[in-house]
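The residues of the chain are indexed from 1 along the displayed sequence. None of these values were measured; they are calculated from a predicted model.
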Amino acid sequence: MDASDRRCMFRVLIRALTERMFKHLRRWFVTHIFGRSRQRARLVSKDGRCNIEFGNVDAQSRFIFFVDIWTTVLDLKWRYKMTVFITAFLGSWFLFGLLWYVVAYVHKDLPEFYPPDNRTPCVENINGMTSAFLFSLETQVTIGYGFRFVTEQCATAIFLLIFQSILGVIINSFMCGAILAKISRPKKRAKTITFSKNAVISKRGGKLCLLIRVANLRKSLLIGSHIYGKLLKTTITPEGETIILDQTNINFVVDAGNENLFFISPLTIYHIIDHNSPFFHMAAETLSQQDFELVVFLDGTVESTSATCQVRTSYIPEEVLWGYRFVPIVSKTKEGKYRVDFHNFGKTVEVETPHCAMCLYNEKDARSRMKRGYDNPNFVLSEVDETDDTQM
């Protein structure tokens, strides 16, 4: 091979690499730049958060949140909850420290009043605002160093000591209970339940089905699991009313039903696309043109805490793959154990699938009519002898 041939091959290689690079760049721009502008709005995100906001809520309705203060505190984010936690304790310590300072000031126990040495103060060793704050802190958290203490000289100081002790117990109970309830909420347990990124439509058991894969990443089970779905879309009633986020029930089942799932390994749940299904009139060619959102819910009870939790996700038309099925992920090892390969959890393969549910049912009806026969018991086959009456 001479130098000219090598140069020619090099040019061909450079041209092929350049075309491939521009092809990938064009695909990236279409997906990340133009695709974002066409991204559909969804009510429920993939991780289950709801994309909704409430506007024009009057002040009276906002006051209801303070009436139900326990739920309001539980729903706060951690940074706000810790701010409330620290503010509640520091605020109560400072407020009672100020009251203790007022008691010492009114009783003239402070050094600026030059009390006599034989006089018994209301609270020993309170010399200013700092020492009053320290005494308030020691009283409320029951430290009791013994250097500062209440005497029997003032009934006001005794009443204030009792009131601060009771209020301190209430604050401790409420804030510690709120922190414990926040930690033990089953919301974090729902993070270990995962759904497949895409839903698929293919034949299963001779029927056209919409399939979704769900897995429990923990070995602890969800007791009494129940799975169901809602199809959200905009509809127009015969009276001309436009209903946004109109909900239609979608029944999901596994081989044993949709309740009390044995959730020890990943499950493939499916919805049968029959005449009663909202997907019945959709086809592979028109699926991406539809405007809907499929929200899937999984309810269950956490085995370790007996708390109920709900996991949800959603699928838009671009995330529903027509003519695909999920790759098997459960296998059996030589040691007799069942192994789940989560590397193939969301992988799909293309399979032969009718391009619409109506076509599948029409094909089944045609085949059944061809095989169907009718017997007529009154029909008698008789032989007829033909004679030639024409004589030549």
Side-chain angles (χ1 to χ4, degrees), residues 39 41-98 133-134 136-143 164-197 214-226 263 293 295-314 342 345:
Q39 188 176 5
R42 59 201 311 162
L43 177 64
V44 180
S45 62
K46 298 298 288 184
D47 58 356
R49 291 177 296 177
C50 295
N51 180 27
I52 192 170
E53 62 179 14
F54 300 98
N56 300 325
V57 181
D58 55 4
Q60 185 177 1
S61 299
R62 293 182 182 274
F63 181 73
I64 299 176
F65 290 95
F66 294 97
V67 175
D68 187 15
I69 188 64
W70 177 254
T71 305
T72 303
V73 172
L74 287 184
D75 291 338
L76 289 176
K77 295 182 179 180
W78 273 109
R79 54 180 177 269
Y80 302 126
K81 184 181 291 293
M82 295 307 299
T83 302
V84 173
F85 183 86
I86 295 173
T87 303
F89 282 102
L90 289 180
S92 62
W93 296 339
F94 179 79
L95 176 62
F96 280 100
L98 184 62
F133 176 80
L134 291 176
S136 173
L137 171 63
E138 296 168 10
T139 301
Q140 188 164 328
V141 299
T142 65
I143 294 177
Q164 183 178 6
S165 300
I166 295 175
L167 186 62
V169 171
I170 295 176
I171 294 176
N172 290 341
S173 302
F174 183 86
M175 298 310 302
C176 294
I179 296 295
L180 180 60
K182 181 76 171 179
I183 295 175
S184 60
R185 292 183 78 177
K187 198 172 182 180
K188 298 302 181 182
R189 177 63 176 91
K191 299 295 183 182
T192 56
I193 306 296
T194 179
F195 288 88
S196 57
K197 182 180 179 181
V214 58
N216 179 18
L217 301 181
R218 288 187 179 273
K219 292 186 177 180
S220 59
L221 300 178
L222 285 180
I223 309 300
S225 301
H226 173 65
F263 210 0
E293 180 178 355
V295 184
V296 183
F297 302 88
L298 174 63
D299 299 337
T301 303
V302 182
E303 185 181 27
S304 55
T305 61
S306 299
T308 58
C309 69
Q310 182 183 86
V311 193
R312 52 188 176 266
T313 189
S314 69
F342 279 96
F345 178 74

Report yes or no: do Ser220 and Glu303 form a side-chain donor-acceptor pair below 3.5 Å? no

Just to verify, what does Phe85 make a ring-ring contact (aromatic ring centres under 6.0 Å, His included) with, not counting sequence neighbours? Phe89

Could you work out, with side-chain hydrogen bond (donor to acceptor under 3.5 Å, both in side chains) as the rule, every residue matching Arg79, not counting sequence neighbours? none

For the backbone of Val73 and the side chain of Lys81, can you confirm whether one donor and one acceptor N or O come within less than 3.5 Å of each other? yes

Approximate separation, where rounding is to 0.5 Å, of Leu90 CG and Leu95 CG: 12.5 Å

Could you tell me whether a side-chain N or O of Ser136 sits under 3.5 Å from a main-chain N or O of Trp93, the two making a donor and an acceptor? yes

To the nearest 0.5 Å, how far apart are CG in Leu217 and OG1 in Thr194? 6.0 Å

Less than 4.5 Å apart, side chain to side chain, heavy atoms only: is that true for Cys176 and Leu180? no

Minimum side-chain heavy-atom gap Val296-Phe195 below 4.5 Å: yes

ring-ring contact (aromatic ring centres under 6.0 Å, His included) with Phe174: which residues, sequence neighbours excluded? Trp70

Working to the nearest 0.5 angstrom, can you tell me the gap between Ile223 CD1 and Thr308 OG1? 13.0 Å

Within a radius of less than 6.0 Å around OH of Tyr80, do more than 12 heavy atoms belonging to other residues, nucleotides or ligands occur? no

Taking C-beta and beyond as the side chain, do Leu76 and Val84 meet within less than 4.5 Å on heavy atoms? yes

Check: Phe297 main-chain N/O paired with Arg312 side-chain donor or acceptor under 3.5 Å: no

Looking only at non-hydrogen atoms, find the nearest pair between Phe263 and Leu221 and report the distance. O-CD2, 3.6 Å

Keeping the roles fixed (side chain from Glu293, backbone from Ser314), state whether a donor-acceptor pair exists under 3.5 Å. no

Check against side-chain contact (heavy atoms from CB on, under 4.5 Å), Ile179 and Met82: CA-CA 9 Å; Ile179 296 295; Met82 295 307 299; 4.2 Å; yes

Minimum heavy-atom distance Ala178-Leu74, with the two atoms named: O-CD2, 3.7 Å

Under 3.5 Å, is there a donor-acceptor pair between the side chain of Asn51 and the main chain of Arg42? yes

More than 12 non-hydrogen atoms from neighbouring residues, nucleotides or ligands closer than 6.0 Å to NZ on Lys197, yes or no? no

Sub-4.5 Å side-chain heavy-atom contact between Thr301 and Leu222: no

Which heavy atom in Gln140 sits nearest to a heavy atom in Ser92, and how many Å separate them? NE2-OG, 3.0 Å

Within the 4.5 Å heavy-atom criterion, are Ile193 and Val214 side-chain neighbours or not? yes

